[in-house]
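Only heavy atoms go into these numbers, but all of them, side chains included; no hydrogens, no water, no symmetry mates. First the proteins, then the strands, lettered A, B, ... as listed; each starts at 1. Just so it is clear, the model here is predicted, and its values are computed rather than measured.
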There are 2 protein chains.
Amino acid sequence: MLNPALPLGFAHHDHTNCVIDTLTAAETYCAEKELRFTPVRRKVLEILSQEHRALGAYAILDRLRESGFGSQPPIAYRALDFLVLNGLAHKIERLNAFIACSHLGYTHTPFFMICHLCNTVAEAQYVPDRGALESAAQTAGFHIEQTVVEAKGVCPSCITKGDI
Amino acid sequence: MLNPALPLGFAHHDHTNCVIDTLTAAETYCAEKELRFTPVRRKVLEILSQEHRALGAYAILDRLRESGFGSQPPIAYRALDFLVLNGLAHKIERLNAFIACSHLGYTHTPFFMICHLCNTVAEAQYVPDRGALESAAQTAGFHIEQTVVEAKGVCPSCITKGDI
DNA sequence: ACTAACTTGTTATAGTATTACGTCTGTATC
DNA sequence: GATACAGACGTAATACTATAACAAGTTAGT
Ligand SMILES: [Zn+2]
Ligand SMILES: [Zn+2]
Ligand SMILES: [Zn+2]
Ligand SMILES: [Zn+2]
């Protein structure tokens with residue numbers, strides 16, 4: 001199982017297990033929820049978890065084509081819609097790109113750290129701040145259904161390189 | 001001066017003063033910072049503050065055309081780049097749309113509440129959570145430069161209408 | 001006036017996403 | 001098994017969002 005404490009994108013780790021773990025977890029999750037984890041959907045999640053960074057829909061489409069799947073935009077977008085809807089992946093709005101969820105099964109508000117030097121994205125575990133955020137919404141009378149937090153900055157690797 | 005405590009998008013208020021105040025504040029701000037608040041830039045900010053909701057670049061472009069300005073995409077995008085860069089407007093990544101800043105002059109991390117029923121957007125004052133957010137970044141060794149928070153949900157008006 | 005830096009006008013093109021329609025499954029019902 | 005239905009996929013066309021590249025005009029300092 002994946003360790004929810006550390007953001008994967010910035011850390012070295014055994015990547016073979018990483019992909020397998022993600023797919024296994026997704027299979028289990030979909031079985032429980034009676035969701036159809038079809039070959040295309042599985043392949044897209046596999047593609048996403050192979051790279052620990054955000055991929056655009058058309059980059060995913062290229063890889064699908066190489067693997068013999070359909071290669072028109074809706075193929076990728078429909079699979080991505082499914083994955084995002086069911087929390088198996090997230091969309092990084094800032095980049096118009098998608099990333100596999102690093103914390104499947106854990107309730108979490110996605111918090112993405114995006115390095116604008118090397119474009120790496122890491123998802124951190126973020127326990128929603130019931131203080132500032134919710135109270136701001138309550139003051140306005142707004143009912144929050146979903147929150148995303150995207151931070152732009154510099155990743156540890158680029159800091160070390162002295163690019164900052 | 002604008003009241004930073006209440007999100008404008010969801011509240012009734014004197015809109016004539018609202019636009020004038022925003023433009024006046026922007027003029028003052030640009031004068032102080034020696035920024036060139038040109039006619040196009042001013043017009044775009046005026047357009048944005050006339051509607052308290054997010055507008056796409058091409059919607060802005062239509063209004064620019066009606067007012068006799070250039071009507072090619074770069075005209076709008078360049079003005080928007082200027083406004084966003086200098087904190088006079090924000091981009092709502094989720095909507096690929098732009099909105100006038102409601103809290104010019106106040107240091108703030110933009111926090112947007114987006115109603116997915118009526119598409120209204122309100123910007124709330126949000127004091128960054130030095131706790132959860134920063135500590136998550138620090139654990140990863142990530143250096144945050146800018147953070148945006150976007151919440152999807154239902155606005156007070158739509159809740160009242162019973163659309164929830 | 002001369003120069004450099006910045007802003008605008010214009011054309012073309014790149015990148016992202018959706019609509020629409022036909023077909024093919026799997027599943028439930030008769 | 002035949003029928004009906006819903007969900008998923010294949011494909012073509014199109015809509016929406018954003019940028020590159022270059023020319024021309026403006027501003028401010030020398
Ligand atoms: Zn990995
Ligand atoms: Zn980096
Ligand atoms: Zn107003
Ligand atoms: Zn609403």
Side-chain angles (χ1 to χ4, degrees), chain A residues 26-27 30-31 33-45 47-48 53-86 88-99 114 116 119 121 150, chain B residues 26-27 30-31 33-45 47-48 53-86 88-99 114 116 119 121 150:
Chain A
E27 241 150 41
C30 289
K33 301 262 180 177
E34 293 191 339
L35 301 169
R36 293 170 62 181
F37 196 48
T38 64
V40 202
R41 292 168 177 176
R42 186 193 162 89
K43 187 67 192 176
V44 171
L45 185 59
I47 291 168
L48 286 178
R53 60 195 187 88
L55 285 179
Y58 283 76
I60 291 167
L61 213 46
D62 289 340
R63 287 166 174 74
L64 282 179
R65 183 182 299 114
E66 291 164 10
S67 305
F69 289 89
S71 59
Q72 298 304 312
I75 301 290
Y77 280 104
R78 285 194 284 233
L80 288 166
D81 282 349
F82 170 86
L83 295 175
V84 169
L85 183 66
N86 295 291
L88 300 167
H90 300 289
K91 179 171 185 187
I92 316 283
E93 300 287 349
R94 243 191 130 94
L95 302 175
N96 295 317
F98 303 83
I99 195 167
I114 306 163
H116 63 88
N119 263 317
V121 177
E150 297 182 4
Chain B
E27 241 151 41
C30 289
K33 301 262 181 177
E34 295 191 339
L35 301 169
R36 293 171 61 181
F37 196 48
T38 64
V40 202
R41 293 168 177 176
R42 186 192 162 90
K43 186 67 192 177
V44 171
L45 185 59
I47 291 167
L48 286 178
R53 61 195 185 87
L55 285 179
Y58 284 76
I60 292 167
L61 212 47
D62 289 340
R63 287 167 175 74
L64 283 179
R65 184 181 298 111
E66 292 165 8
S67 305
F69 289 88
S71 59
Q72 298 306 313
I75 301 289
Y77 279 103
R78 285 196 283 235
L80 288 166
D81 282 349
F82 171 87
L83 295 174
V84 169
L85 182 66
N86 294 291
L88 300 167
H90 301 289
K91 179 171 185 185
I92 316 284
E93 300 287 349
R94 246 192 127 92
L95 303 176
N96 295 316
F98 302 83
I99 193 167
I114 306 164
H116 63 89
N119 263 314
V121 177
E150 297 181 4

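Looking only at side-chain heavy atoms (C-beta outward), Leu61(A) and Pro73(A) come within less than 4.5 Å of each other. Annotation: side chain of Leu95(B) is in contact with side chain of Asn119(B) (closest heavy-atom distance under 4.5 Å).
The nearest whole Å value for the distance from the CG atom in Leu55(A) to the P atom in dG15(C) is 15 Å. Rounded to an integer number of Å, the gap from CD of Glu93(A) to P of dA18(D) is 12 Å. One interatomic measurement links the two molecules: NZ of Lys43(B) to C1' of dT8(C), which rounds to 18 Å at whole-angstrom precision. Taking atom CG of residue Leu95(A) and atom P of nucleotide dT17(D), one finds them 18 Å apart after rounding to whole Å. Taking atom CD1 of Ile75(A) as the reference point, atom C1' of dA13(D) lies 15 Å away to the nearest angstrom. As rounded to whole Å, 16 Å separates atom C1' of dT17(D) from atom CD1 of Ile92(B). Distance, Phe37(A) CZ to dG7(D) C1': 17 Å, rounded to whole Å. Taking atom CG on Asp81(A) and atom C1' on dG7(D), their separation rounds to 14 Å, with Å as the unit.
Here Arg41(B) reaches the OP1 or OP2 of dT7(C): one of its side-chain N or O atoms lies under 4.0 Å away. Not one side-chain nitrogen or oxygen of Lys91(A) sits closer than 4.0 Å to the OP1 or OP2 atom of dT16(C). Using a 4.0 Å cut-off, some side-chain N or O of Tyr77(A) falls inside it from OP1 or OP2 of dA17(C). For Asn96(B), a side-chain nitrogen or oxygen approaches OP1 or OP2 of dA18(D) to under 4.0 Å.
Proximity note for Gln72(B) (side chain, C-beta onward) versus dG9(C), dT11(C), dA17(C): the nearest is dT11(C). Distances were taken from every side-chain heavy atom of Thr38(A) (C-beta onward) to each of dT19(D), dT8(C), dA8(D); the shortest belongs to dA8(D). The side chain of Arg36(B) approaches dT27(D) more closely than any other nucleotide in the set dG7(D), dT27(D), dG9(C).
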Open item on the list: Before you tell me yes or no, could you show the steps for Asp62(A) and Arg65(A) under salt bridge (charged side-chain N to carboxylate O under 4.0 Å, His left out), namely the whole-Å CA-CA distance, both residues' side-chain angles and the distance that decides it to 0.1 Å?
Closed with: CA-CA 5 Å; Asp62(A) 289 340; Arg65(A) 183 182 299 114; 3.1 Å; yes
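With hydrogens and angles left out, the side chain of Tyr58(B) and the base of dA15(D) share no donor-acceptor pair within 3.5 Å.
The residue Arg78(A) sits close to a base: some heavy atom pair falls under 4.0 Å.
Phe82(B) carries Arg41(B) over the face of its six-membered ring, with the cationic atom under 6.0 Å from the centre and within 45° of the normal.
Across every non-hydrogen atom of Ala97(B) and Gly56(B), the tightest pair is CB-N, 4.0 Å.
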